[in-house]
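The next block holds one structure in the form of structure tokens; read it before the comments.
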Amino acid sequence: MRPITIPISDEVIRSLKVGDPVSLNGVMVTGRDAVHKWLFETFIAKTRLPQGDDLEVYEAIKPLLNGGVIYHCGPVVAGLDTKEYRFVAAGPTTSSREEPYQGEVMRHFNLKGVVGKGGMGAKTLQACQEVPGVYFHTIGGAASWLAQSVQRVFGVYKLEFGVPEAMWVIEVRDFPAVVTMDAHGQSQHAEIEQRSRRVLEQLIGLET
Amino acid sequence: MTPDLTPHFLELIRLAATDLPPDVEAALQRALDQEEPGSAAYGALATILKNVELSRANQTPICQDTGTPIFYVSHPEGWSTRKLRQQIETAVVQATQKSYLRPNSVDALSGKNSGNNLGGHYFPTIHFEEVEGEVLTVELMLKGGGCENVGAQYSLPYEALKAGRDLEGVRRVVLDAVYRAQGQGCAPGILGVAIGGDRGSGYYASKEVLFRRLDEENDNPELAQLEKRLTEEANRLGIGPMGFGGRTTVLGTKITALHRLPASYFVTVSYMCWAYRRRRMIWQNGRVSFE
């Protein structure tokens, strides 16, 4: 397992290949459905005017995302009353829902890594080649185990999106993942999809 | 007449969220034994089993998506379903405060999270059924969003797959659903399949059938055979744990059949992730036990 420190350089990103097991170390930000839609509409497509603390949060997360990593995760968090936050369970959510936004978010913030499960599609793979960036796959449902890699919760933005949808700024150590989409246009998900398609066609005796 | 069972409902939720049932854990262990040590599939299953152990020991959620809590309550004559609903809702709020459940109930229009897992009549979802005798049985399933999103309903005939109105047609669309899900529903999954019904009852029954244990044989020999065949063929797709490729894509298949209209022939597939969180509570003569 190769240790990777966040922020990640272009050189390190380009050296990563599909199938490489890694352990991530440094600061990550969680973000999923509400965050991606908000980032895209407010700061990229600009179809929505900034409201409330939007601009303040934008300035605060920009340096974290530059060369950084976003984690598709809606954690179970203890200490909500005291604000002494602790991650109790923190596995990945299904990444494909962010496919409409992810590539643009990567380009806009110079985001180097996306952590999630289930993989992403052609638009994100294209952005991985351009930015460059990679997709880190971690184990869906392994929430208690992954929470152990979260050393510290620095704080939270957009808690009004709800606990699962907020942006939690966390420090991780030895966070385990596998590269399944790389900066060279390779995607393990596309390959498995095509292979299983051929088996399906054989099983049902049909060329579709 | 209706005793206060709130603390027992809280325990039922804790068990479901943090302690995977033995039949599921055993199936995951068998899946691990079939994969090549060192492969991504092996690594994924080894991690999954480590997480199961850790969650049980620390009483923390197996998966952070603690899902929609779906309760099936079978109660004797004379029990107040209104009181039982209140008790279940109170236990759900307490379980959220204790971090057994993530606040998961979101207003569909405003996007606002209620913060306590309560939200209208369907969150949590509670089905009541009066039964003969003096035993109260409460079954709970926690079904996460990732696997719920890859569920599918087909109206047969389904021309694209040459699926007609027979068990061969059922087989074709179920395999298609597994292919479409890829690793997104947290494979290896468990398939709940309902043949017939209408669009509503089909989904209802496709979840209800998931309460059957993995080693339970279907009473209908034809369906028992189809269950085995579908599990075996789904595994040949090679999607594997987490979609990493590998020998196990589904751990099991459970099929039920409902009466349908002459005009309709629905096949409904509910995909349950490997974190197959379901538990049962039984109340009899004032004593409570859990399975």
Side-chain angles (χ1 to χ4, degrees), chain A residues 19 21 33-34 37 73-81 86-97 117-119 137-148 159-166 176 178 180 188-189 191-193 195-206 208, chain B residues 17-18 40 43-44 47-48 50-52 54-55 57-58 60-66 98-104 106 111-115 144-146 149-150 160-163 171-172 175-176 178-179 182-187 233 236-245 249 273-275:
Chain A
D33 309 72
K37 186 171 187 289
C73 169
V76 177
V77 184
L80 292 169
D81 302 344
R86 187 170 55 82
F87 274 26
V88 176
T93 192
T94 312
S95 298
S96 60
R97 294 191 309 270
K117 74 168 174 87
H137 200 300
T138 192
I139 305 299
S144 290
W145 186 70
L146 286 168
Q148 291 194 324
L159 193 51
E160 68 264 31
F161 289 168
V163 170
E165 294 272 16
V178 181
T180 56
Q188 192 185 2
H189 308 286
E191 193 196 314
I192 300 274
E193 204 267 346
R195 216 192 303 161
S196 58
R197 175 93 220 163
R198 285 195 292 274
V199 180
L200 177 72
E201 285 168 1
Q202 284 163 13
L203 283 171
I204 64 180
L206 199 67
T208 49
Chain B
T18 68
T47 299
I48 283 169
K50 245 187 285 178
N51 181 64
V52 167
L54 193 69
S55 306
N58 294 351
T60 51
I62 296 164
C63 177
Q64 78 291 335
D65 185 359
T66 54
K98 287 178 175 291
S99 299
Y100 300 144
L101 297 179
R102 183 178 73 180
N104 245 4
V106 176
K112 193 170 163 38
N113 193 313
S114 72
N149 286 350
V150 297
L161 298 170
K162 300 256 183 292
R171 173 183 160 264
R172 285 169 179 247
L175 288 173
D176 184 63
V178 177
Y179 157 74
Q182 290 290 307
Q184 316 243 353
C186 279
E233 290 184 335
R236 274 169 41 200
L237 292 174
I239 294 162
M242 285 297 129
F244 287 168
T249 300
C273 58
W274 69 257

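Each chain gets a letter, A, B and so on, in the order its sequence line appears, and its residues count up from 1.
Only the side chain of A:Gln148 has a heavy atom closer than 4.5 Å to any heavy atom of chain B. If you measure heavy-atom distances from A:Ser196 to chain B, the contacts under 4.5 Å come from both the backbone and the side chain. With a 4.5 Å cut-off on non-hydrogen atoms, B:Cys273 does not touch chain A at all. Using a 4.5 Å cut-off between heavy atoms, A:Ala90 contacts chain B through its backbone alone, with no side-chain atom that close. Proximity to chain A (any heavy atom under 4.5 Å) is restricted, for B:Gln182, to the side chain, taken from C-beta onward. Only the side chain of A:Arg97 comes within contact range of chain B, with at least one heavy atom under 4.5 Å from a heavy atom of that chain. Contacts of A:Ser95 with chain B are absent, with no heavy-atom separation under 4.5 Å from either backbone or side chain. Proximity to chain A involves both the backbone and the side chain of B:Ala44, based on heavy atoms less than 4.5 angstrom apart.
Counting heavy-atom pairs closer than 4.5 Å to chain B, the top-ranked of the candidates A:Thr94, A:Thr138, A:Val163 is A:Thr94. Ranked by non-hydrogen atom pairs under 4.5 Å with chain A, the options B:Gly183, B:Ala275, B:Ser55, B:Gly43 are led by B:Ser55. Here A:Glu193 is the residue among A:Glu193, A:Gln202, A:Lys117 with the most heavy-atom pairs under 4.5 Å with chain B. Considering only heavy-atom pairs separated by less than 4.5 Å from chain B, the leading option among A:Pro164, A:Gly162, A:Ala78, A:Pro176 is A:Pro164. The candidate with the highest count of non-hydrogen atom pairs below 4.5 Å against chain A, out of B:Asn113, B:Asn149, B:Ile62, is B:Ile62. The candidate with the highest count of non-hydrogen atom pairs below 4.5 Å against chain A, out of B:Pro61, B:Gly240, B:Gly146, B:Gly144, is B:Pro61. Interface remark: of the candidates A:Gly118, A:Pro92, A:Ala142, A:Ala142 forms the most heavy-atom pairs closer than 4.5 Å to chain B.
The side chain to side chain contact (heavy atoms under 4.5 Å, CB included) check on A:Glu165 picks up A:Arg32, A:Asp33, A:Ala34, A:Phe161, with sequence neighbours excluded. Residues meeting the salt bridge (Lys or Arg N to Asp or Glu O under 4.0 Å) test with B:Lys50, sequence neighbours left out: none.
The distance from the CG atom of B:Leu161 to the CG atom of A:Leu200 is 7.0 Å, given to the nearest 0.5 Å. If you take CD on B:Glu233 and CD1 on A:Ile204, they are separated by 10.0 Å, rounding to the nearest 0.5 Å. Between A:Cys73 atom SG and B:Gln64 atom CD the span is 5.5 Å, to the nearest 0.5 Å. To the nearest 0.5 Å, the span separating CG on B:Leu237 from CZ on A:Arg197 amounts to 10.5 Å. For the atom pair CG of B:Asp176 and CG of A:Leu203, the computed distance is 11.5 Å after rounding to the nearest 0.5 Å.
Of the possible polar contacts, one joining the A:Gln188 side chain to the B:Phe244 backbone as a donor-acceptor pair under 3.5 Å is found. Distance alone, capped at 3.5 Å, is enough to place a donor-acceptor pair between the B:Asn51 side chain and the A:Gly141 backbone. Using modelled atom types, one side-chain atom of B:Arg102 and one backbone atom of A:Gly74 make a donor-acceptor pair closer than 3.5 Å.
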Practice task
Apply the test side chain to side chain contact (heavy atoms under 4.5 Å, CB included) to residues B:Ile48 and A:Ile139: give CA-CA distance (whole Å), side-chain angles for both, the deciding distance (0.1 Å), then the verdict.
Solution key: CA-CA 7 Å; B:Ile48 283 169; A:Ile139 305 299; 3.8 Å; yes
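Residues A:Ser144 and B:Thr60 share a closest heavy-atom pair of OG-OG1, 2.7 Å.
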